[in-house]
Amino acid sequence: MREYVLHQFISSTIRTYFPDVTIVAALSCYRATDTYLNDKGIDLVITTFPGRFSAAPEFIVSSPFEASAFRKEIGEVFSRFKCNSKESFDAERTEKDTSIDMAISLLERFSLMTVPAAVPAASITGLIAARVAESENARERLKKDFALREARGPVVLEQSGIRMFHCRSKAMSEPVAGVVRVDATREAWVYLVVPDPASPDAISALSKISVALMEAQGFVHALVNSSEREIKRHLFGFLASIL
């Protein structure tokens with residue numbers, strides 16, 4: 001799944017920094033062939049998996065994907081094809097790299113938890129804390145931080161009716177996000193947690209998930225009905241379209 005949607009982040013990085021480069025298509029390794037490459041006049045294949053093509057050279061994307069490292073590596077390759085990068089990489093574009101890296105890291109940790117029957121409202125945050133916190137002390141701290149946020153009123157997304165739990169917490173060292181879903185009723189609760197203090201890129205990544213909950217109908221439908229793989233695919237696609 002990661003390779004299936006990673007091409008969107010790779011394409012976004014190339015379009016941002018290398019406007020002279022034309023992206024002909026984004027294909028799975030099973031669909032790309034030497035005949036296809038010859039027919040389309042492809043000069044370079046950028047791939048996460050070696051295809052061993054003879055019609056065009058390949059650039060293998062390093063794993064784990066980091067936008068800033070990829071930009072520098074692919075820039076050296078493009079220079080051989082006389083493709084120019086933008087004149088300079090200013091602070092705003094460097095922040096874009098960080099946002100992509102954070103989005104990928106966060107979404108790889110995004111998880112679906114299913115429970116067979118309805119859970120009492122008072123037990124939901126405890127269920128989430130048990131899912132994401134690594135120790136009993138951390139779980140208790142996270143539940144308290146959820147309670148402080150919930151004391152200001154519940155967050156229910158008007159368009160979907162999905163309840164969202166979010167907070168900052170010293171119980172967490174990394175941002176986490178996910179969904180808890182009841183098998184019997186398909187009721188879903190989304191949680192978003194950032195460390196306290198939180199980095200700007202972590203807050204930005206979680207805020208974009210909030211936007212997806214309000215604007216991406218396919219993502220919301222997947223939360224209620226689909227597998228974790230499908231949920232991530234929708235969310236990766238949405239974030240790649242706005243980063």
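No hydrogens, no waters, no symmetry mates; every other heavy atom, side chains included, goes into these values.
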**OP:** Might you point out which heavy atoms bring V156 and G161 nearest each other, and give the distance in Å?
**Re:** CG1-O, 3.7 Å
Original post:
If you look at every heavy atom in V224 and R186, which pair is closest and at what distance?
Top reply: O-NE, 3.2 Å
Subject >> side-chain hydrogen bond (donor to acceptor under 3.5 Å, both in side chains) involving E187 - partner list, sequence neighbours excluded >> reply: W189
Subject >> Flag side-chain contact, heavy atom, 4.5 Å: F18 against I74 >> reply: yes
Original post:
How far apart are the closest heavy atoms of A212 and V220, and which atoms are they?
Top reply: O-CG2, 4.2 Å
Original post:
Are V193 and M164 in one and the same hydrophobic cluster, where Ile, Leu, Val, Met, Phe, Trp and Tyr link if side-chain heavy atoms are under 4.5 Å apart?
Top reply: no
Subject >> Joint cluster assignment, F165 & I209, ILVMFWY side-chain distance < 4.5 Å >> reply: no
Subject >> A32 to F53 - nearest heavy-atom pair and separation >> reply: O-CE2, 3.3 Å
**OP:** Quick one: name the residues clustered hydrophobically with I60, using the 4.5 Å side-chain heavy-atom rule over I, L, V, M, F, W, Y, and just say none if it's on its own.
**Re:** none
**OP:** Please identify each residue that fulfils side chain to side chain contact (heavy atoms under 4.5 Å, CB included) with V179, with sequence neighbours left out.
**Re:** F110, L112, A188, V190, L223, I231
Subject >> D34 side chain vs S54 backbone, donor-acceptor pair below 3.5 Å >> reply: yes
Original post:
What pairs with D43 under side-chain hydrogen bond (donor to acceptor under 3.5 Å, both in side chains), at least two apart in sequence or on another chain?
Top reply: none
Original post:
Do any N or O atoms from the side chain of R109 and from the backbone of P175 form a donor-acceptor pair under 3.5 angstrom?
Top reply: yes
Original post:
Who passes side chain to side chain contact (heavy atoms under 4.5 Å, CB included) against P154, sequence neighbours left out?
Top reply: E150, R163
Original post:
Looking at residues at least two apart in the chain, or sitting in another chain, which of them share a side chain to side chain contact (heavy atoms under 4.5 Å, CB included) with A198?
Top reply: V194, I203
**OP:** Consider only side-chain heavy atoms of I, L, V, M, F, W and Y, link residues closer than 4.5 Å, and tell whether L192 and F146 are in one cluster.
**Re:** no
Subject >> Hphob cluster co-occupancy, L148 + I128, side-chain heavy atoms under 4.5 angstrom >> reply: no
Original post:
If every non-hydrogen atom of A118 is compared with every non-hydrogen atom of V182, which pair is closest and at what distance?
Top reply: N-CG1, 3.6 Å
Subject >> Salt bridge flag under 4.0 Å for residues K232 and E228 >> reply: yes
Subject >> Shared hydrophobic cluster, I14 / F59 (ILVMFWY, side-chain heavy atoms < 4.5 Å) >> reply: yes
Subject >> Residue pairs, two or more places apart or on separate chains, that pass side chain to side chain donor-acceptor pair (under 3.5 Å) and touch residues 217-226 >> reply: H221-N225
Original post:
Is the closest side-chain heavy-atom distance between L142 and C167 below 4.5 Å?
Top reply: yes
Original post:
For E174, which residues count as a side-chain hydrogen bond (donor to acceptor under 3.5 Å, both in side chains) partner, sequence neighbours excluded?
Top reply: none
Original post:
By side chain to side chain contact (heavy atoms under 4.5 Å, CB included), which residues pair with P57, not counting sequence neighbours?
Top reply: L44, F81
**OP:** Give the C-alpha distance, both sets of side-chain angles, the deciding distance and a yes or no for side-chain contact (heavy atoms from CB on, under 4.5 Å) between F70 and I46.
**Re:** CA-CA 11 Å; F70 169 75; I46 300 174; 4.2 Å; yes
Subject >> R52, CZ atom: more than 12 neighbouring heavy atoms under 6.0 Å >> reply: no
Original post:
Between I124 and V180, is a side-chain contact (heavy atoms from CB on, under 4.5 Å) present by the stated rule, with each step listed?
Top reply: CA-CA 9 Å; I124 295 173; V180 180; over 6 Å; no
Original post:
By side-chain hydrogen bond (donor to acceptor under 3.5 Å, both in side chains), which residues pair with R181, not counting sequence neighbours?
Top reply: none
Subject >> Where at least one partner belongs to residues 118-144, residue pairs that pass salt bridge (Lys or Arg N to Asp or Glu O under 4.0 Å), sequence neighbours excluded >> reply: E136-R139, E140-K143, R141-D145
